[in-house]
Amino acid sequence: MAVSYAVSRVLRRASPIFVQKRHESTMASFTKDEIMILLRPPFSNWSNAIRDAEKVVGYPTSFMNLRCLLSDEFANLALYLRKLVGSNHLVMQTAKNVLYGDSKNLQPWGLIILLLAKSIRAQSKKAEEQTRVLAELTEMIRTGHLIHKGIINVPFAKRSKDTETAIFGNKIAILLGDYLLVTANAMLAELRNSDVSYIISTALKDLSEGEFFGERDEQNMPLPGRPKTHDGLEINFDTDSITVDEVLGKSRKEWTARTVFNGVSLLGRGCQSAMVLDKQGRDIQKYAYHFGCHVGLAWQAATELQKLTSDSRGHFCLASAPVLFALEMNPDLYKIIDQAKNDVKDVDYEDLKFNILKTDAVDKTKMLYEDHAKKATAYIENIGQNESVDMIKKLINTF
């Protein structure tokens, strides 16, 4: 989240479409706390819940990686990024979606890790600092991954003067995402904990594999599997045991596998690593991993439901839970998906949305959210019972 807010300041100064009163002549004239206050998002029920949670952990997690953002390297990259203002490059759309979409899209993964660590017992000063670093690097890995997803496929045969902006945007997306990931890995190494390094590396592997999961269009956007006979409800979160052929076309299994690979595994591994740093036993570590996965799945289901039921006419993910549930009930809808084999933008989203709303997909997605929210609550109650646990429950329910 912190990365996105810093990028937004550059964009706002560079373009009239981001209107904002300028409160200062230079960031250098303000203290760190004043900068944090200036950069905070507007108040809402979700924002208020975040602020209450930050009071519990005693740390403004929306700006955990502020040290990284104020570095010369990031500032230089952000200056190049503003040259893309006004373009339709995916990296700009990614920044805008994170910044100016529903504030609930800013899921506080780092905050969840800190609250989880605080739910166990009073930590030593060293363990508290290590957990904070872990929360920071988890957020940085997630942000770097999102920026990398903004890279556009420009086939060599189609390159011309008209594609120069796209190619330049790709270079910035690669450099910016790489910078965040390299910095996060350096922070991971500084923890000097081989178990945590292995666990986070597993999440990085999952993120990479998630980009090749199932069928894709020419821009690597996900396409749903063709509906198959329904086969069970659950899969486990052991990504090594998940195979593509076993889950594609089976609505809940496919959605769960895609979501776990595309980032939820990172939240789960971050929670597990927090317990490792706190020297908890294997059972507690396992509870923490499952807790993180269920929280991530619950929030993703809620986010996808909001996108589909909002008044916005924008595109939505064709591999989202509502789409997969609708395909399960009405396999003929896959004829609309067939239009997206080359580019997901070719789909008539208004027609698809209309047909989805005629099925029970919305109700099933609500049940999906409620199921994972309840399971996340059950796992956190097995770990501890205190103010931090109560705040985690509040975050889950507020979303």
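Just so it is clear, the values below take in all heavy atoms, side chains as well, and ignore hydrogens, waters and symmetry mates. We're numbering straight along the sequence, starting at 1.
For the atom pair CG (Asn170) and CG (Leu175), the distance works out to 11.0 Å, reported to the nearest 0.5 Å. Annotation: the span from Met391 atom CE to Ile112 atom CD1 amounts to 10.5 Å, rounded to 0.5 Å. In this structure, Asn397 CG and Lys394 NZ are separated by 10.5 Å, a value rounded to the nearest 0.5 Å. To the nearest 0.5 angstrom, Phe291 atom CZ is 4.5 Å from Ile380 atom CD1. Put simply, CD on Gln385 and OG on Ser119 are 9.5 Å apart, with the number rounded to the nearest 0.5 Å. The distance from the CG atom of Leu134 to the CG atom of Leu191 is 6.5 Å, given to the nearest 0.5 Å.
Using modelled atom types and a 3.5 Å distance limit, the side chains of Asn330 and Thr359 yield no donor-acceptor pair. Using modelled atom types, one finds a donor on one side chain and an acceptor on the other under 3.5 Å when comparing Glu211 with Asn220. The closest side-chain donor-acceptor pair between His294 and Asp371, if any, does not fall under 3.5 angstrom. When only modelled atom types and interatomic distance are considered, Glu304 and Gln300 share a side-chain donor-acceptor pair under 3.5 Å. Residues Asp52 and Asn48 bring no donor and acceptor atom of their side chains to less than 3.5 Å of each other.
Side-chain contact between Arg258 and Pro222 is present, with heavy atoms from C-beta onward closer than 4.5 Å. At least one side-chain heavy atom of Ile50 sits under 4.5 Å from a side-chain heavy atom of Leu395. When side chains are defined from C-beta on, Lys125 does not count as touching Glu129, because their heavy atoms never get closer than 4.5 Å. Looking at Asp240 and Lys205, their side chains come closer than 4.5 Å, going by heavy atoms from C-beta outward. Residues Arg142 and Leu266 are in side-chain contact: their nearest non-hydrogen atoms beyond the backbone lie under 4.5 Å apart. With contacts defined as side-chain heavy-atom distances shorter than 4.5 Å, the pair Asp178/His148 qualifies. Taking the side chain as every heavy atom from C-beta outward, His315 and Lys345 approach each other to under 4.5 Å. Counting heavy atoms from C-beta on, the side chains of Ile141 and Ile200 come closer than 4.5 Å.
Under the 4.5 Å side-chain heavy-atom criterion for ILVMFWY residues, no single connected hydrophobic cluster contains both Phe325 and Met329.
Here the side chain of Ser310 pairs a donor or acceptor atom with the backbone of Lys307 at under 3.5 angstrom. In this structure a side-chain-to-backbone donor-acceptor pair under 3.5 Å is missing from Asp217 to Ala340. Using a distance-only test at 3.5 Å, with no hydrogens or angles considered, no donor-acceptor pair links the side chain of Gln285 to the main chain of Val276. Listed for the Gln219 side chain is a donor-acceptor partner under 3.5 Å among the backbone atoms of Asn153.
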Practice problem: Show your reasoning for whether side-chain contact (heavy atoms from CB on, under 4.5 Å) applies to Met275 and Gln272. | Solution: CA-CA 5 Å; Met275 298 298 96; Gln272 180 184 357; 5.9 Å; no
Quiz item: Between Asp278 and Lys118, is a salt bridge (Lys or Arg N to Asp or Glu O under 4.0 Å) present by the stated rule, with each step listed?
Solution: CA-CA 10 Å; Asp278 201 43; Lys118 203 172 182 65; over 6 Å; no
Quiz item: When you look at Glu209 and Thr239, which way does the side-chain contact (heavy atoms from CB on, under 4.5 Å) test go after all the steps?
Solution: CA-CA 10 Å; Glu209 292 185 3; Thr239 52; 5.7 Å; no
Quiz item: side-chain contact (heavy atoms from CB on, under 4.5 Å) between Val295 and Ile396: does it pass, once the steps are laid out?
Solution: CA-CA 7 Å; Val295 169; Ile396 296 173; 4.1 Å; yes
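Lys286 is linked by a side chain to side chain donor-acceptor pair (under 3.5 Å) to nothing, counting only residues two or more places apart in sequence or in another chain. Checked against ring-ring contact (aromatic ring centres under 6.0 Å, His included), His290 has the following partners two or more places apart in sequence or in another chain: Phe237, Tyr379.
Connectivity analysis of hydrophobic side chains (ILVMFWY, heavy atoms under 4.5 Å, direct or indirect) links Phe354 to nothing; its cluster partners are none. Other cluster members for Ile151: Ile174, joined by side-chain heavy-atom distances under 4.5 Å among Ile, Leu, Val, Met, Phe, Trp and Tyr. Leu352 forms part of a hydrophobic cluster together with Met221, Leu223, Leu305, Leu308, Phe316, Leu318, Val323, Leu327, Leu333, Tyr334, Ile336, Ile337, Val344, Val347, Tyr349, Ile356, Leu357, Val362, judged by ILVMFWY side-chain heavy-atom separations under 4.5 Å.
Taking a cutoff of 4.0 Å between a charged side-chain nitrogen and a carboxylate oxygen, Glu215 and Lys341 qualify as a salt bridge. Using a 4.0 Å cut-off between a side-chain N of Lys or Arg and a carboxylate O of Asp or Glu, Lys228 and Asp245 do not qualify as a salt bridge. At a threshold of 4.0 Å, the pair Glu328-Arg252 does not count as salt-bridged, since none of the basic side-chain nitrogens sits closer than that to a carboxylate oxygen. Taking the charged nitrogens against the carboxylate oxygens, Lys366 and Asp360 have no contact shorter than 4.0 Å, which rules out a salt bridge.
Minimum interatomic distance between Val56 and Leu115 (heavy atoms only, all atoms of both residues): CG1-CD2, 3.9 Å. In this structure, Leu368 and Ala301 approach most closely via the heavy-atom pair CD2-CB, 4.1 Å. Minimum interatomic distance between Pro224 and Glu254 (heavy atoms only, all atoms of both residues): CA-OE2, 3.5 Å. The two residues Ile284 and Asn382 make their nearest non-hydrogen contact at CD1-O, 4.4 Å. Taking all atoms of both residues into account, the shortest heavy-atom contact from Tyr369 to Ala298 is CD1-O, 3.1 Å. The shortest non-hydrogen separation linking Ala361 to Ala326 is CB-N, 3.8 Å.
Listed by first and then second residue, the ring pair (Phe, Tyr, Trp, His ring centres under 6.0 Å) pairs involving residues 180-214 are Phe213-Phe261 (not counting sequence neighbours).
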